[in-house]
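In this chain, numbering begins with 1 at the start of the sequence shown. As the structure is a computational prediction, the values presented were derived from the model and not from experiment.
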Amino acid sequence: MNAKAKKPAKKQGSETLVERVRTHIRDGILDGQYRPGDRLREVEIAKSLGVSRTPIREAVKALESEGLISVEPWRGVVVSKLSRVQSCELFEFRETLEGFAAYLAAQNVTNEQLRRLDQALKRFETSAPDDVNLQMRMNMEFHSGVYEASNNRFLMQSLESLRTSLALLPMTALIYQERQKAVIKEHREIFKALAARNPELARKVATSHVRNSGMVRLINIVSPPDSIKTPS
């Protein structure tokens, strides 16, 4: 009886360890620690997390099934790169989801949620042009706020998964000051549509915003500027 009772606990502990490694790698991709094409070394990850290679290999299998990493001959485990076709497909899908999220948010947003969205907007608007990391955080906070206001858990899950896939693109459009200004304007238009509780307008401006950002990023997948590196 006692011996049998211990087995589930051991399995549960193993699963928790795998999930810890999985989260570490996924977060590393999201924050730029691991960039598209980077090689992931089991020894380094095992040392930094204090785990054996077994949970790392299991986490790698799970992340490979999600398309976030791949195994290449002679190189081993690397962070995936999206082709131009895949990138186009990703932004097409994002337009649909973000537009729908804004549509729902305009119907469900609370005054407190609007306050937090406005706060994120103002921090973005007052940021220094070269503080791209802060702008990226405020950009993420604004979009997350719209997702939350949509009040649809399944849509939120899909958008969060999509955000992870976007991290496989080589750079953010916010490296350009002109795009920074445009994003502020477009975010403010989304905010106004939400505050007016206008679902159709919210969908329209949110879709346009994603399309504009996608065009800038897709152009730079083909010919990235030599002097600009992806922000960490």
According to a hydrophobic-cluster definition based on side-chain heavy atoms being under 4.5 Å apart (Ile, Leu, Val, Met, Phe, Trp, Tyr only), do [X] and [Y] belong together?
X      : Y      : result
Met140 : Met156 : no
Phe142 : Leu159 : no
Met136 : Val146 : no
Met138 : Leu121 : no
Ile190 : Leu162 : no

Salt-bridge present ([X], [Y]; N to O < 4.0 Å):
X      : Y      : answer
Glu189 : Lys192 : no
Lys181 : Glu178 : yes
Arg203 : Glu98  : no
Glu19  : Arg22  : yes
Arg179 : Glu186 : yes

Side chain to side chain contact (heavy atoms under 4.5 Å, CB included) between Ile69 and Val78, worked out | CA-CA 6 Å; Ile69 61 177; Val78 299; over 6 Å; no
Interatomic spacing from [atom1] in [X] to [atom2] in [Y] - rounded to 0.5 Å:
X      : Y      : atom1 : atom2 : answer
Ser87  : Leu166 : OG    : CG    : 9.0 Å
Arg211 : Glu95  : CZ    : CD    : 4.0 Å
Asn151 : Gln113 : CG    : CD    : 7.5 Å
Arg20  : Ile25  : CZ    : CD1   : 12.0 Å
Glu64  : Ser80  : CD    : OG    : 8.0 Å
Ser161 : Leu68  : OG    : CG    : 7.5 Å

Minimum-distance pair of heavy atoms, taken over all atoms of [X] and [Y]:
X      : Y      : result
Leu174 : Gln180 : O-NE2, 2.9 Å
Gly99  : Ala206 : CA-CB, 4.3 Å
Ala101 : Leu155 : CA-CD2, 3.6 Å
Leu82  : Ser165 : CD1-O, 3.8 Å
Arg197 : Pro199 : O-CD, 3.2 Å

Quick one: does NZ or CZ of Arg188 land under 6.0 Å from the six-membered ring centre of Phe191, within 45 degrees of the ring axis?
-> yes
Between Tyr147 and His143, what is the ring plane arrangement, given parallel below 30°, perpendicular above 60°, and tilted in between?
-> tilted
Just wondering, more than 12 heavy atoms not from Phe91 lying within 6.0 Å of its CZ?
-> yes
Please tell me if the side chains of [X] and [Y] come closer than 4.5 Å, counting only heavy atoms from C-beta onward.
X      : Y      : value
Arg94  : Leu97  : no
Gln135 : Asn139 : no
Glu72  : Ser70  : yes
Phe124 : Val183 : yes
His187 : Ile184 : no
Lys81  : Leu168 : no

Could you check Val77 against Arg41 for side chain to side chain contact (heavy atoms under 4.5 Å, CB included), going step by step and ending with a plain yes or no?
-> CA-CA 7 Å; Val77 180; Arg41 293 174 171 81; over 6 Å; no
For Asp118, which of Lys122, Arg115, Arg116 qualifies under salt bridge (Lys or Arg N to Asp or Glu O under 4.0 Å)?
-> Lys122
Just do the side chain to side chain contact (heavy atoms under 4.5 Å, CB included) check on Asn108 and Ser150 with the steps written out, would you?
-> CA-CA 6 Å; Asn108 299 307; Ser150 75; 5.7 Å; no
Show your working on salt bridge (Lys or Arg N to Asp or Glu O under 4.0 Å) between Glu44 and Lys47 and close with a plain yes or no.
-> CA-CA 5 Å; Glu44 293 178 0; Lys47 185 177 180 180; over 6 Å; no
Ignoring hydrogens and geometry, is there a side-chain-to-backbone donor-acceptor pair from Gln33 to Ile29 under 3.5 Å?
-> no
Residue from Leu49, Val18, Ile45 passing side-chain contact (heavy atoms from CB on, under 4.5 Å) with Pro55 | Val18
Candidate pair Arg163 and Glu160, rule salt bridge (Lys or Arg N to Asp or Glu O under 4.0 Å), full reasoning = CA-CA 5 Å; Arg163 173 180 288 167; Glu160 289 300 331; 3.3 Å; yes
Applying side chain to side chain contact (heavy atoms under 4.5 Å, CB included), run through Glu141 and Leu117 and close with a yes or a no.
-> CA-CA 8 Å; Glu141 189 171 314; Leu117 285 170; over 6 Å; no
